[in-house]
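Have a look at the structure below before the remarks.
All values below come from the heavy atoms of this structure, side chains included, with hydrogens, waters and symmetry mates left out. Numbers restart at 1 for each chain; the letters A, B, ... are given by sequence-line order, proteins then strands.
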Amino acid sequence: MTVRVRYAPSPTGLQHIGGVRTALFNYLFARAQGGAFVLRIEDTDQERYSEEALEDIYATFEWLGIVWDEGPDRGGPYGPYFQSQRLARYHEAVQTLLDAGKAYECFCSAERLAGLRSEGARDGVLGYDRRCRDLTEEQRAAYRAEGVTPVVRLKVPEQGAASFEDMLLGTVKRKYKDLSPDPIILKSDGFPTYHLANVVDDHEMAISHVLRAQEWLSSTPLHILLYEAFGFEPPRYCHLPFVTGKDGQKLSKRHGATSVVEFRKQGYLPEALTNYIALLGWSYDDSREFFALNELERLFSVEKLNKAPAVFDYKKLEWFNGNYIRECSSERLFELMRPYLETAGLLPAGNETREAAIVRNAVPLVQERLKLLSEAPELLKFLLAEITENYAAEELIPKKMDAAAAKALLNAVRPVVAAMEHYDDEQLEAEFRRLAEQHDTKLGNVMMPLRVAITGSRTSPPLIGSLRLLGTERALARIDAAIAKL
RNA sequence: GUCUCCUUCGUCUAGUGGUUAGGACACCGGGUUUUCAUCCCGGCAACAGGGGUUCGACUCCCCUAGGAGAUGCCA
């Protein structure tokens with residue numbers, strides 16, 4: 001059997017972690033099985049459709065390196081891949097159900113339905129009361145004459161049960177009477193609901209396996225019923241556990257960033273995100289957790305999936321990101337940092353600028369200190385701009401020392417810095433050590449006032465490298481400014 | 001309320017009848033280091049509860065509890 005899977009987002013919002021993980025698992029499953037991965041756009045909700053959301057789908061997966069074999073932008077033998085372009089098929093499908101007496105037109109108003117729903121919630125009764133199920137042709141004609149546009153509902157049997165084998169969960173059974181009574185499959189605007197469209201399309205697109213979030217589990221029996229009504233063979237289902245926030249509820253804004261663009265803006269690398277997300281509900285073994293996408297494409301298997309929901313751990317993602325940043329080549333990291341530095345106004349456009357040269361040389365100094373690319377401006381600004389924020393004079397004074405001592409230290413260090421061109425790094429450090437001995441103190445106490453004078457902060461990249469990048473002239477000016485403060 | 005699914009350290013997980021229940025993140029100590037970070041070493045910490053089945057249960061079955069999802073002319 002040829003494996004064909006799909007990711008079927010609806011363009012109603014930005015791609016979020018949960019959706020992307022579903023897409024990733026489908027993609028990996030397809031690759032591992034030598035099958036095809038299809039993108040289908042479920043744009044059947046006219047109200048919530050957004051062009052921006054559609055573009056976000058393309059941008060997100062391009063960034064992540066996840067490509068589909070068939071889709072609206074690539075074409076394929078099973079198109080069109082926009083559901084809004086497949087309406088005729090749904091209408092045809094609905095007609096066969098109507099003709100077979102397996103579905104019926106319902107003329108109830110949205111208001112009546114809302115009333116039913118709130119009563120039902122109060123009394124613990126489920127959904128629609130099936131009022132239109134057995135309308136006569138005359139009654140239907142009367143409604144139509146009044147100008148009421150009907151919806152179409154599927155007849156759910158009152159007896160019996162639907163069951164299916166979930167690849168992860170095993171046998172799932174549900175009595176028909178526990179299903180929503182006669183759900184709507186065709187809306188009054190002529191668009192199908194998810195239930196209908198997904199069944200018709202998965203069948204027509206020859207989808208063999210459906211990996212989707214567990215929120216769909218409770219409507220799967222309904223989908224099975226639909227397949228039976230059409231006489232179609234249902235695909236194999238695999239319902240993926242949720243990704244939740246700390247409180248165990250579905251991941252949402254309350255918990256932090258949820259959309260991929262947000263993570264991207266914060267300076268996560270795509271490989272860190274895919275690696276981490278792949279481990280949410282899936283694992284390879286007890287000793288490995290670093291995986292490149294192309295390795296996952298080989299190694300992914302449904303058998304290693306977990307049933308329990310997974311809490312999204314921002315800290316661990318960050319740790320992954322730091323690891324991947326450290327693995328970058330200097331040139332790549334430079335390019336990755338560039339947009340952050342540019343928008344901070346620290347780096348002019350262009351490759352041959354003085355600033356670009358400084359940043360290139362600074363990469364080794366910051367690489368192992370960076371967890372997020374967005375931290376780059378803060379770490380590098382002392383090299384690219386004047387120290388504008390006025391650090392407090394006390395910062396210059398090492399612990400257990402006074403201002404006079406700090407001042408003496410800076411004065412002593414100044415001539416060494418002035419001559420630094422004549423030393424290599426080791427010699428320069430030796431000079432600082434010599435000074436420390438002369439002042440009967442630790443090296444750290446010599447370096448700290450200098451560090452603050454040069455970088456404006458007690459934490460900074462390695463000082464000697466920073467001095468070199470800053471240059472003798474600017475370094476001396478900052479030392480003088482510091483001395484003046486004391 | 002009803003239905004469905006789930007349950008190993010705080011978190012992600014390994015584990016498929018016999019293990020001192022392993023790893024990673026986080027956290028806490030210590031070491032290296034010019035600060036920070038990296039790196040290295042060490043520590044803390046879990047089988048939800050109760051019944052079975054079995055010579056033996058984290059592993060199999062049942063119940064309870066807890067959590068989550070569904071219950072839309074949204075997907």
Side-chain angles (χ1 to χ4, degrees), chain A residues 8-13 19 42-48 106 108-110 113-114 117 120-128 149-153 166 168-169 172-175 177-181 183-189 191-195 197-198 213-221 239 241-242 244 246-250 276 279-290 304 306-320 322 326 366-371 379 429 432-433 436 442-448 450-452 455 457-464:
Chain A
S10 75
T12 53
E42 308 226 325
D43 55 346
T44 55
D45 187 339
Q46 295 283 278
E47 310 263 303
R48 297 197 303 155
C106 166
C108 293
S109 68
L113 264 20
R117 205 160 34 242
R122 194 190 57 215
D123 306 334
V125 181
L126 204 55
Y128 182 55
T149 321
V151 300
V152 176
R153 291 180 181 272
D166 189 275
L168 219 210
L169 271 17
V172 178
K173 237 190 213 138
R174 209 157 160 221
K175 297 189 184 78
K177 72 175 173 57
D178 293 323
L179 256 38
S180 179
I184 293 171
I185 54 177
L186 191 70
K187 306 184 239 184
S188 55
D189 64 3
F191 278 70
T193 59
Y194 171 80
H195 305 300
N198 122 284
Q214 242 180 57
E215 62 186 309
W216 295 112
L217 187 59
S218 46
S219 45
T220 303
H239 288 92
F242 280 99
T244 75
K246 273 248 172 266
D247 56 3
Q249 314 216 304
K250 275 209 289 188
Y276 177 67
L279 263 18
L280 249 26
W282 180 85
S283 65
Y284 181 63
D285 62 18
D286 62 346
S287 63
R288 231 192 122 180
E289 52 184 355
F290 280 94
K304 305 291 278 179
N306 215 299
K307 291 183 191 178
V311 176
F312 192 89
D313 185 348
Y314 290 87
K315 280 274 177 51
K316 185 143 188 181
L317 205 214
E318 204 171 277
W319 175 79
F320 266 110
R326 273 172 253 136
V366 299
Q367 185 153 18
E368 66 190 25
R369 270 155 257 265
L370 230 39
K371 288 218 274 295
L379 230 44
E429 185 177 331
F432 289 139
R433 283 190 192 281
K442 296 182 298 184
L443 178 62
N445 285 344
V446 173
M447 300 299 267
M448 188 51 77
L450 182 58
R451 180 186 312 283
V452 174
T455 69
S457 165
R458 298 179 80 101
T459 70
S460 79
L463 228 206
I464 291 174

Original post:
Counting any heavy atom closer than 4.0 Å, what does E215(A) reach on the DNA or RNA strands: base, sugar-phosphate only, or nothing?
Top reply: base
Original post:
How long is the line joining NZ of K315(A) and C1' of A26(B), in whole Å?
Top reply: 6 Å
**OP:** Could you check if a side-chain atom of Y128(A) sits within less than 4.5 angstrom of a side-chain atom of C108(A), using non-hydrogen atoms only?
**Re:** yes
**OP:** Taking the side chain as every heavy atom from C-beta outward, state whether S457(A) and R451(A) have any atom pair closer than 4.5 Å.
**Re:** no
Original post:
Any N or O donor-acceptor pair linking the side chain of R451(A) to the base of U34(B) at under 3.5 Å?
Top reply: yes
**OP:** May I ask you to test the F432(A)-L450(A) pair for a side-chain heavy-atom distance under 4.5 Å?
**Re:** yes
Subject >> Rounded distance in Å - NZ (K307(A)) to C1' (U13(B)) >> reply: 16 Å
Original post:
Can a donor-acceptor pair under 3.5 Å be found between the side-chain atoms of S460(A) and the base atoms of C36(B)?
Top reply: no
Original post:
Which value, in whole Å, describes the distance between the C1' atoms of nucleotides A14(B) and U35(B)?
Top reply: 39 Å
Original post:
How would you label the contact of P9(A) with the nucleic acid (heavy atoms, under 4.0 Å): base, sugar-phosphate, or nothing?
Top reply: nothing
Original post:
Rounding to a whole Å, what distance do you find between I184(A):CD1 and U71(B):P?
Top reply: 13 Å
**OP:** Give one of base, sugar-phosphate or nothing for P241(A), where a contact means two heavy atoms less than 4.0 Å apart.
**Re:** nothing
Original post:
Can a side chain N or O of K316(A) be found less than 4.0 Å away from OP1 or OP2 on U11(B)?
Top reply: no
Subject >> K304(A) vs G15(B): side-chain N/O to OP1/OP2 distance below 4.0 Å >> reply: yes
Original post:
Does G18(B) have a Watson-Crick or wobble partner in any strand here, with both distances under 3.5 angstrom, and which is it?
Top reply: C55(B)
Subject >> Minimum side-chain heavy-atom gap L280(A)-F312(A) below 4.5 Å >> reply: yes
